[in-house]
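Below is one structure, written out as structure tokens; the observations come after it.
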Amino acid sequence: MLGWLRHPRWLVGLFLVLVGGINLISCTDFAPDADVRISGDSYHYLRMSLRTFEAVPNPFAFRLLTPWLVQQIAGVGVGLNTSWILVTFGATSLALYTFFLLLLDGFRLRWFTSVAFTLALAFTHFYTLFNYRFFWLVDPLNNLFMVVALSCLVARRTGWFLVVVTLGFVNKETVLLLLPLAPLLAWVRAGSLRDSKVWGSLLGVLGVSILYLLFRLWVQSRLGVESGYAMLTGVEGQGVLENIRFAVNMRKGAEQVLIYQTFHFMWAFFAYGLYRLFRQAGARSEVFLLGVYLLAACAFGRLFATDVERVYVMMAPLVLGVAALLFDNFQSESQRWWLGVLLFFYLALNMNWVMNEWTILVNGVALVLFVTVFGRDLDGEGVRLATPDGA
């Protein structure tokens, strides 16, 4: 009866839950009064989990889904903090498993590569560990919607993609950044703007956009507040330009390092993977377009957000996915061991086992190791990245 547990896919899922559980124990404050010490975004979401239509500042008041789910779980007798932990851990575990399936089935990578890079995602600080420490956020569910939506795009299930984005914007509006990808990929696949699938996806995008506008009007009517909630404005009702000015003036002199430390040396593998995809298929490579578009979308999103790493970490499925595409070419046992060393360096950086100037050294050693061990096999045109579109 329990034979399904022996299936490798389920075993990977159970292993990810085990790894996530260890990380949760390492990072999470389980004290009953842990919520007493919170502030910032977490404080607003905590208030919404007590009363869904709480008049918290813009844009937090429109991010209903996670607080509502927490409220439902707490309503059956589970403590409020425990409910937040359950939603955070559940959403993160599902996001990791979805990413594993994206690599294995969507990108058609080998089992070793798929498991290895899913583990890398499991230790990406701002994707998992940060959320386990500050578990009163809507980010974990947003990460799940993002990776499911990308999986739908790769699988060419545009209808389901639109459904996922619609559910996702009830949790956090940033998932709407993915919407233009539906008509863009439909156009690339068809090779013509006149194709019915292109126009169908455009109508779908228009429909989701209208639903979002109606959703905002409905929420604002429930809040009972007429002003201070315009789109793209700030937390205290300041205009769009003032909101941008406030966001970009935060954390001056650290923008580059904040972006880099989101994925450390994985950025280099991502960039090189995009380069190989472009050489292989030009701008018609779907994964290349996904990577470039999402990078631009996150750069745009940064204009309205002060937490740089939490914006760029939305790229995690593609940064690590493109890196996995690149490393799937290296399958000798010695190369797998060296990949393990690189992933250990990545884990050490994300776990803060190395700090300050040592992070520069570890990043440098990782890049030198990549060029030394794998560089010869990358020469010429022998290495091709397997992609869902066959390019």
Side-chain angles (χ1 to χ4, degrees), residues 95-96 98-99 101-103 106-107 117-118 120-121 124 126-127 138-158 160-162 164-166 168-169 171-189 201 205 208-209 255-256 258-264 266-278 281-305 307-326 385 387-389 391:
L96 292 173
T98 303
F99 177 69
L101 295 179
L102 173 63
L103 296 184
F107 288 178
F117 278 87
T118 303
L121 183 59
T124 297
F126 288 97
Y127 201 85
V138 302
D139 297 27
L141 202 57
N142 185 62
N143 291 336
L144 175 59
F145 281 119
M146 293 284 286
V147 71
V148 172
L150 289 170
S151 298
C152 290
L153 285 175
V154 170
R156 306 191 178 197
R157 297 177 178 174
T158 305
W160 282 110
F161 166 78
L162 296 173
V164 171
V165 172
T166 301
F169 72 57
N171 185 67
K172 193 175 184 181
E173 69 285 346
T174 51
V175 73
L176 291 168
L177 291 171
L178 297 180
L179 264 185
L181 285 170
L184 176 62
L185 292 183
W187 175 33
V188 169
R189 290 162 181 165
S201 61
V205 168
V208 173
S209 301
E255 189 79 11
Q256 298 89 337
L258 293 174
I259 295 173
Y260 185 79
Q261 73 181 13
T262 307
F263 299 111
H264 297 282
M266 283 292 177
W267 279 116
F269 303 154
F270 170 69
Y272 187 72
L274 290 183
Y275 162 73
R276 296 301 298 229
L277 287 168
F278 185 80
R284 295 184 64 85
S285 167
E286 293 178 17
V287 179
F288 173 82
L289 287 174
L290 287 172
V292 171
Y293 172 85
L294 195 53
L295 178 60
C298 286
F300 172 77
R302 163 66 180 103
L303 297 178
F304 304 90
D307 294 325
V308 179
E309 304 96 329
R310 287 172 60 199
V311 172
Y312 282 93
V313 82
M314 291 190 295
M315 293 189 62
L318 283 176
V319 170
L320 295 179
V322 171
L325 280 170
L326 181 64
L385 277 63
T387 55
D389 50 325

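Fair warning: this is a prediction, and the values are worked out from it, not measured in the lab.
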### Query
Do any N or O atoms from the side chain of Arg284 and from the backbone of Val188 form a donor-acceptor pair under 3.5 angstrom?
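Side chain of Arg284 to backbone of Val188, a donor-acceptor pair under 3.5 Å: yes, one is there.
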Output the distance between atom [atom1] ([X]) and atom [atom2] ([Y]), rounded to the nearest 0.5 Å.
| X | Y | atom1 | atom2 | answer |
| --- | --- | --- | --- | --- |
| Phe263 | Phe269 | CZ | CZ | 14.0 Å |
| Ser201 | Leu184 | OG | CG | 9.5 Å |
| Met146 | Asn171 | CE | CG | 11.5 Å |
| Leu318 | Tyr293 | CG | OH | 12.0 Å |
| Phe99 | Leu144 | CZ | CG | 14.0 Å |
| Glu286 | Leu277 | CD | CG | 11.0 Å |

### Query
Counting only heavy atoms not in Trp267, do more than 12 sit closer than 6.0 Å to its CH2 atom?
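For Trp267, atom CH2 is crowded (more than 12 foreign heavy atoms under 6.0 Å).
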### Task
Would you check, one step at a time, whether the test side chain to side chain contact (heavy atoms under 4.5 Å, CB included) holds for Thr262 with Val311?
CA-CA 9 Å; Thr262 307; Val311 172; over 6 Å; no
#### Entry: CA sep, side-chain torsions, deciding dist, call: Phe107, Val287, side chain to side chain contact (heavy atoms under 4.5 Å, CB included)
CA-CA 9 Å; Phe107 288 178; Val287 179; 4.2 Å; yes
What is the minimum heavy-atom distance between [X] and [Y], and which atoms define it?
| X | Y | value |
| --- | --- | --- |
| Ala297 | Leu177 | O-CD1, 3.9 Å |
| Leu320 | Ala120 | CD1-C, 4.1 Å |
| Trp160 | Cys152 | CB-SG, 3.9 Å |
| Gly282 | Phe288 | O-CD2, 4.3 Å |
| Ala149 | Phe161 | O-CD1, 3.4 Å |
| Pro183 | Val205 | CD-CG2, 3.7 Å |

Do [X] and [Y] touch side chain to side chain, with heavy atoms closer than 4.5 Å?
| X | Y | value |
| --- | --- | --- |
| Lys172 | Met314 | no |
| Leu179 | Leu162 | yes |
| Leu294 | Leu290 | no |
| Tyr127 | Asp139 | no |

### Query
Can you list the residues that meet the side-chain contact (heavy atoms from CB on, under 4.5 Å) rule with Leu258, with sequence neighbours excluded?
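For Leu258, the residues satisfying side-chain contact (heavy atoms from CB on, under 4.5 Å) (neighbours in sequence not counted) are Arg251, Ala254, Gln261, Val308, Glu309.
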### Worked check of side chain to side chain contact (heavy atoms under 4.5 Å, CB included) between Thr98 and Ser151
CA-CA 8 Å; Thr98 303; Ser151 298; 3.8 Å; yes
### Task
Answer yes if the ring centres of Tyr272 and Tyr275 are under 6.0 angstrom apart, and no otherwise.
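Ring centres of Tyr275 and Tyr272 closer than 6.0 Å.
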